[in-house]
> 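Questions regarding the structure given below will be posed in turn.
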Amino acid sequence: MKIVAKVAALAAVSMIALNASVAGAEEITEFRIGILGGENASDRLRAYECLEQKTADLLGVPVKLFAPADYNGVIEGLLGGNLDLAWLGASSYAKVYLTDPEAVDPVLIKVNVDGGYGYYSIGFARNDSEINSLEDMKGKVFGFGDPNSTSGYLIPSIAIPQEGYPMKAGEYFGDVVFTGGHEQTIVAVSNGDIDAGVTWADGLGEWEDGYNSGALRKASDAGLVDMTELRQIWQSPVIPEGPIVLSKKLPEDVKIKMTGLIASLNSIDPDCAYNIAAGETKGFMPITHEAYVNIVEARKAKNKN
């Protein structure tokens, strides 16, 4: 209830902030939004078209969407000052922070329909395989998504070996591969190109729907996969949702307006919120760096190995 109250309060304040301006604030001439990889570029751009238009109407400047092929494209865009806003995974945020703690501010986080803001790395295989758990994966091919993905690499690469299944190719799994992103992993498993892989989901709702939100839900909605042909074989500990971040270089009034817009999105345009959040949510709530300290430390430790 506290989370819902925070969201409601922020949404109320944000409606005022949408038209607010800070006296003497510097001007911007365009606004650039980065979209993480995980599915094909055209689908990502289509999902964000509504936010592109709302941002242009709100800020009164041209808005450009960027959908690089991989996570690193967005990360480098933020670090290089070429992007103003992006929704990062927790591990991607950790990489940005570890590279330059003055690059971005985390401002909002997606809230699940149960009021929480965690999600899971989900291991899955085809239903017609004989794979029911990681115990059945010896000698088989396991797929990660992107090296900068939290659920598609960082967390499972730590958690799975802790359960006794080393991730080095040939030690337990026959091979361990990177597919390039969540959608690619889902399609590769569905097509039988790899035996199993990991992706992300909120873990709420029904498996047959791809859960309430996440990459499985998006792939199911798009008709890329029939969830009844897949089964879950593993689930990680809960992971904090990644933050929506804004460049620290932006004028304060722009930060206020964009934070308010996205915080209000679920109430002013539920379809737009659904597209951006990859499924059903309660919207977005405020978040700070403190929520990601553990992920930053995990990323730092992984970098040393």
> May I ask you to test the Thr281-Asn212 pair for a side-chain heavy-atom distance under 4.5 Å?
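Of all side-chain heavy-atom pairs linking Asn212 with Thr281, none is under 4.5 Å.
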
> Can we say Arg46 and Glu49 salt-bridge, meaning some charged N sits less than 4.0 Å from an Asp/Glu carboxylate O?
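No, no charged N to carboxylate O under 4.0 Å.
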
> Look only at the side chain of Lys255 and the backbone of Lys248, and say whether a donor-acceptor pair between them is shorter than 3.5 Å.
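The answer is yes, because a donor-acceptor pair under 3.5 Å joins these two groups.
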
> Atom NZ of residue position Lys64 - does it have more than 12 heavy atoms of other residues, nucleotides or ligands inside 6.0 Å?
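Counting other residues, nucleotides and ligands, NZ of Lys64 stays at 12 neighbours or fewer.
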
> Would you give the length of the straight line joining atom CE of Met227 to atom CG of Asn127, rounded to the nearest 0.5 angstrom?
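One finds 9.5 Å between CE of Met227 and CG of Asn127.
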
> Evaluate whether atom CD of Glu130 has more than 12 neighbouring non-hydrogen atoms of other residues, nucleotides or ligands under 6.0 angstrom away.
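Open: at most 12 neighbouring heavy atoms sit under 6.0 Å from CD of Glu130.
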
> Could I get the full list of side chain to side chain contact (heavy atoms under 4.5 Å, CB included) partners for Val296, not counting sequence neighbours?
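Residues passing side chain to side chain contact (heavy atoms under 4.5 Å, CB included) with Val296: Ala94, Tyr97, Leu98, His289.
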
> Give the minimum heavy-atom separation between Tyr93 and Val104, together with the two atoms involved.
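Distance-wise, the nearest heavy atoms are CE1-CG2, 4.0 Å.
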
> Tell me the closest heavy-atom pair linking Ser151 and Trp200, and the distance in Å.
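Result for this residue pair: OG-CB, 3.0 Å.
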
> Taking atom CD of Glu30 as the centre, report whether more than 12 heavy atoms of other residues, nucleotides or ligands fall under 6.0 Å from it.
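Count over threshold, so yes.
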
> Return the orientation label for the Tyr71 and His182 ring planes: parallel under 30°, perpendicular over 60°, tilted otherwise.
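Tyr71 vs His182 ring planes: tilted.
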
> Do Thr150 side-chain atoms and Ala90 backbone N/O form a donor-acceptor pair below 3.5 Å?
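The answer is yes, because a donor-acceptor pair under 3.5 Å joins these two groups.
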
> Looking only at heavy atoms, what is the nearest atom pair of Ile287 and Ala291, with distance?
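Closest approach of Ile287 to Ala291: CD1-CB, 3.6 Å.
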
> Between Lys140 and Ser129, is any side-chain donor less than 3.5 angstrom from a side-chain acceptor?
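Side-chain D/A pair, Lys140 to Ser129: absent.
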
> Under 3.5 Å, side chain of Tyr172 to main-chain N/O of Glu135, donor-acceptor pair present?
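It does hold such a pair.
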
> According to a 4.5 Å side-chain heavy-atom criterion applied to Ile, Leu, Val, Met, Phe, Trp and Tyr, with indirect links allowed, do Val254 and Trp87 form part of one hydrophobic cluster?
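The answer is yes; both residues are in one hydrophobic cluster.
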
> Is it the case that more than 12 heavy atoms not belonging to Asn294 sit under 6.0 Å from its CG atom?
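Open: at most 12 neighbouring heavy atoms sit under 6.0 Å from CG of Asn294.
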
> Less than 4.0 Å between a side-chain N and a carboxylate O, is that true for Asp209 and Arg217?
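Answer for the salt bridge query: no.
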
> Listed by chain and number, what are the side chain to side chain contact (heavy atoms under 4.5 Å, CB included) partners of Asp70, not counting sequence neighbours?
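Result, side chain to side chain contact (heavy atoms under 4.5 Å, CB included) vs Asp70: Asn72, Asp146.
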
> For Glu206, does the CD atom sit with more than 12 other heavy atoms under 6.0 Å from it, leaving out its own atoms?
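No - once you tally the heavy atoms of other residues, nucleotides and ligands closer than 6.0 Å, there are 12 at most.
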
> Do Leu83 and Phe66 have side chains that get closer than 4.5 Å, going by heavy atoms?
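Side chain of Leu83 against side chain of Phe66, heavy atoms only: contact under 4.5 Å found.
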
> Identify the two heavy atoms, one from Ala201 and one from Tyr211, that lie closest to each other, and give their separation to 0.1 Å.
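The pair with the smallest heavy-atom distance is CB-CD1, 3.5 Å.
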
> Do Gln53 and Tyr48 have a side chain donor and acceptor closer than 3.5 Å?
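Side-chain D/A pair, Gln53 to Tyr48: absent.
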
> What's the shortest heavy-atom distance between Ala298 and Ile158, and which atoms?
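Taking every non-hydrogen atom into account, CB-CD1, 4.2 Å.
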
> If I compare all heavy atoms of Phe31 with all of Met258, which pair ends up nearest, and what's the gap?
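Looking at all heavy atoms of both residues, the closest pair is CZ-CG, 3.8 Å.
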
> For the residue pair Tyr274 / Asp221, report whether a side-chain donor-acceptor contact shorter than 3.5 Å exists.
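The criterion, which ignores hydrogens and geometry beyond distance, is satisfied for Tyr274 and Asp221.
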
> Quick one: does Thr185's side chain have a donor or acceptor within less than 3.5 Å of a partner on Gly181's backbone?
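Yes, the answer is positive, given that a donor and an acceptor are paired below the 3.5 Å cut-off.
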
> To the nearest 0.5 Å, tell me how far Asp202 CG sits from Asp114 CG.
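Interatomic distance, Asp202 CG to Asp114 CG, rounded to 0.5 Å: 7.5 Å.
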
> If you measure from CG on Leu261 to CD1 on Ile256, what distance do you get to the nearest 0.5 Å?
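Between atom CG of Leu261 and atom CD1 of Ile256 there are 13.5 Å.
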
> May I ask you to decide if Gly279's main-chain N or O and Ser213's side chain share a donor-acceptor pair within less than 3.5 Å?
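Pair absent, no side-chain N/O of Ser213 close to backbone of Gly279.
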
> So, for Phe142 and Phe144, is the gap between ring centers shorter than 6.0 Å?
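Centroid distance Phe142-Phe144: below 6.0 Å, so yes.
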
> Is any NZ, NE, NH1 or NH2 atom of the basic residue among Lys218 and Glu183 found under 4.0 Å from an Asp or Glu carboxylate oxygen of the other?
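No, no charged N to carboxylate O under 4.0 Å.
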
> Looking at Arg299 and Lys95, would you say the former's side chain and the latter's main chain have a donor-acceptor pair under 3.5 Å?
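Side chain of Arg299 to backbone of Lys95, a donor-acceptor pair under 3.5 Å: no, none is there.
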
> Looking at residues at least two apart in the chain, or sitting in another chain, which of them share a side chain to side chain contact (heavy atoms under 4.5 Å, CB included) with Asp100?
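Testing Asp100 for side chain to side chain contact (heavy atoms under 4.5 Å, CB included), a comparison that skips the adjacent residues, returns Leu79, Glu102, Ala103.
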
> Using side-chain heavy atoms (C-beta onward) and a distance below 4.5 Å, is Asp193 in contact with Val187?
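Result no, sub-4.5 Å side-chain heavy-atom pair not found.
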
> Distance check, rounded to the nearest 0.5 Å: Leu250 atom CG versus Thr259 atom OG1?
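Answer for the CG-OG1 pair, Leu250 versus Thr259, is 9.5 Å.
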
> Is it the case that the ring center of Tyr153 lies less than 6.0 angstrom away from the ring center of Phe178?
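When the ring centroids of Phe178 and Tyr153 are compared, they turn out to be within the sub-6.0 Å range.
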
